[in-house]
There are 2 protein chains.
Amino acid sequence: MIKLTIKRIAELANVSTATVSKVLNGKDKNISEATRRRILEIVERENYRPNRIAKGLKLKKTNTIGLIVPDIKNLFFAEMAKGIEDAAEKKGYSVILCNSNNNRDKEEKYINMLQDRMVDGIILTTSENNIDLYFRDGQVPIVLLDRNIDADLNIGRILTDNEEGGYIATKHLIDKGCKNIGFISSINKNFSSYNRFIGYKKALLESGYKINEKLIYTGSFSIETGYNGTLELLKNSELDGIFCGNDYIAIGAIKALKEKNIKIPDEVKIVGFDDILLAKYMEPPITTIRQPIYDLGKEAVNMLISIIDKKDTEMTKILKTELVERGSS
Amino acid sequence: MIKLTIKRIAELANVSTATVSKVLNGKDKNISEATRRRILEIVERENYRPNRIAKGLKLKKTNTIGLIVPDIKNLFFAEMAKGIEDAAEKKGYSVILCNSNNNRDKEEKYINMLQDRMVDGIILTTSENNIDLYFRDGQVPIVLLDRNIDADLNIGRILTDNEEGGYIATKHLIDKGCKNIGFISSINKNFSSYNRFIGYKKALLESGYKINEKLIYTGSFSIETGYNGTLELLKNSELDGIFCGNDYIAIGAIKALKEKNIKIPDEVKIVGFDDILLAKYMEPPITTIRQPIYDLGKEAVNMLISIIDKKDTEMTKILKTELVERGSS
DNA sequence: ATTATTAATGGAATCTTTTTCACTTTAATC
DNA sequence: GATTAAAGTGAAAAAGATTCCATTAATAAT
C-alpha cells in the first residue's frame, strides 16, 4: 500500500497540488467553497496525512525540539522530561531525547546532530563539567535548563533560586539547633550545586557559624556520593546536620547513618533538595527543598517556543523553591 | 550566516553535487583520488554537515525511532528509555519521546504522528486499556515492549517472563511461611500484571492454597494503589504476605503497614516486582523480582533495527527474572 | 464596448539531498 | 591507428510538500 501524497489527492480532486495545499493550510480565501469541500472530503475519505519531513524541508520548520539531559533515568530529569514532553505536545511539537551521560563531547555531538535534523530549538541541561560555552552565534534557539553559562549569548535560561534554596535549607537546620552542619553535593562546577553552596555559606555566616572545610564534601549528585560523603564527614567531627545537595545524596546519607546506627533526626538531621517523587516515601521521609521540577520543564518549553516564534520574551526565568518539612529533620 | 549545502560545496570544489554526494557517502570507487581529497578537504574546512531532513526525504529513511510509553517519570520507563536511547545512539538512531499517559487515543495519535515524521520504527509500551489492536498492516515496523497483543501481526515483542516472576515471588512468600498471601497489582487488562497474577495463582494452587478473592486488589501500578490495596486487604483477613505487582505498589504497601504499626517482615512480608533503582533504599529494603529493565530497552532497539534492516529476526524475545531477597521478606 | 477588478486555479520553482544514466576522456588491446 | 573498455564526471529527476506569480474567467465600472 503506497503512501498518499498531495499529488495523488490533487489528481483525485481534479485540481493542482497548489490548491490542495492551500485548502489544507487554511489559505483558502480564494478557493471556491465547492472545491474546498470536494478536497476536504477526499482528504477525509482517503485519510490523507501530509508528510512532515517534506513539509519541514520546505518550510525550514520541523516542529521538533531537542532535549539534552545528563541522564533520563535520574528521577529529576525524568520528571522534567515529562513536563517538557507534555508542554511540547500541547503546542504541536515533538521531542527528541538525548542523554549526554554528563559528557561534554557527547553533548556537543548531540547539538550538532539536532541541528542537522533541523530542530527548531534545543532545551539543554549541560553536563556538569561544562561551564564555558561552545555555542557559536546564530545557531538554533537554545534554552538552558537548570544550568547557567556565564556568557551574554542570546540564550534562554530557566533556573530555580538555588542560592535561596540552600539558604533556607541551612537556616532550617540552624533553627532546629544543629551546630555542625555538613554540606554534601556535586562538584562546584555544577551550577546548581555551587549556588546551593553559596546559600549554605550565607546562612552559616549570618548566624555566626564558621565555615568548616572538613564538613564539606563534593562528588556527584548520586546516592554513592551521599553515602561516601556521610561516612567521610562522620570521621572528623561532631556532625549533627547535613544539607544534601539533592535528594539522591540524602538517600545515600540516610543509608550511611543507618548503618552506623545514628538516629535521624535525633542525632543527625538531614535536608535534601528537589523533592523527587520518592522523597516522602523514604524512612524517614526526607525534609527537602522543593523545586517545581515539572514546571521547570514546562516553562522551558514555553520560553523556547516564544523564542522560536520570535516573540518578545524575558530570557531568564527563576522559579522559587519551598521548604518541605518531613521526618528527617 | 547561511547554512552550507552540498551545492555550495560542489561549487567550491568545482565539481557537481553528484560527485560530492558520492564522496560523502563512500560511493567513490569511480572518483579520482585527487577530487576525492579536494572535496573532503573543503568539507572539513567549511565544516559541512548534510541536512538530515533532506536526506531522509530522499531516502525514505530518517534514522529515527519513536518511543511511546505511558509515563516517562515512572522510574521503570525512565530506565527503559535510557536503555533505548543508549542503544539507539550507538546505532546512529535518534529517539522521539512520547508519553501516552495511558490513554489509548493519545497513543494512536502518536503512532500516526510518528509515521508522518517518517520514523523508521516504533517501540511501544501500550496503554493498559489497550489489548486489541488498531495497527493496520504494512505500516512501520513496531516492537511491543513489556506488552503483548494477541494478534499475529508482524510485530516484534520484548517481554519478561512475568508468569515465572509472579510464581517465584509467591513461592518465596510461601517458603517464608506465609499463609494468607495477598496480590495487589494493576488491572487484569494490563498484560504484565495479568501474567504475574497467573504465576501467583499457580504457586498458590501448587502448594495447596486456595485462591481467596478477598486477598486480591487491582488498581494501577502506583503507590496509591499499593497503599489503598493494603488497607483494603487488611480489613478482612489474616494477611501475612503481599505480592505486589511492582515496586511502586510495594512502596505504597509499606507506607500503609507502617501507619497501622504492622511490622515488616515479621507480621507481613512484602515482595515487589521490577527492582527499580530505589527499591533497595527503601525501609525495609524491598525484596523484589528483578527485571533487566535497561536491557529490555536495549533489546527492543536491537530487534527493531533488525526488522528495519529486514534481517531475519526472531520476533519474540523473553527475558528472565530473578528474585532479589531483601529486608521486606 | 472597453477597461479594471476580483475570484479561482495552476505551473513551476524551491527546500536539500541521492542516484540513475549518459557522456567525455583516458587507457588498453589487437 | 582503430576499437573497446574503463574511469571520471555531471545533468536531471526524484522525494513530498509550499508558495510565488501568472493565467483565465467572471463581474463591475467607465
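Lettering follows sequence order; numbering is per chain, from 1. For clarity, every value in this text was computed on a predicted model and none was experimentally measured. Just the heavy atoms: all of them, side chains too, but no hydrogens, waters or symmetry mates, feed the values below.
- Salt bridge status for Glu11(B) with Lys7(B): absent, with no side-chain N to carboxylate O gap under 4.0 Å.
- Ion pairing between a basic and an acidic side chain is recognised when a charged N comes within 4.0 Å of a carboxylate O; Arg104(B) and Glu107(B) show no such pairing.
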Nucleotide-resolved protein contact map, nucleotides 4-23 of chain C, B/S/- at heavy-atom distance under 4.0 Å: ----BBBB--BBBBBBB---
Stepwise salt bridge (Lys or Arg N to Asp or Glu O under 4.0 Å) check, Glu33(A) with Arg37(A): CA-CA 6 Å; Glu33(A) 187 55 20; Arg37(A) 277 234 288 277; 3.3 Å; yes
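- Rounded to whole Å, the distance from CG on Asp28(B) to P on dA7(D) is 13 Å.
- Looking only at side-chain heavy atoms (C-beta outward), Pro141(B) and Asp120(B) stay at 4.5 Å or farther from each other.
- Of the charged side-chain nitrogens involved, none lies within less than 4.0 Å of a carboxylate oxygen, so that Lys298(B) and Asp86(B) do not count as a salt-bridged pair.
- When the P atom of dT18(D) is taken as reference, atom CD1 of Ile53(A) falls 14 Å away, rounded to whole Å.
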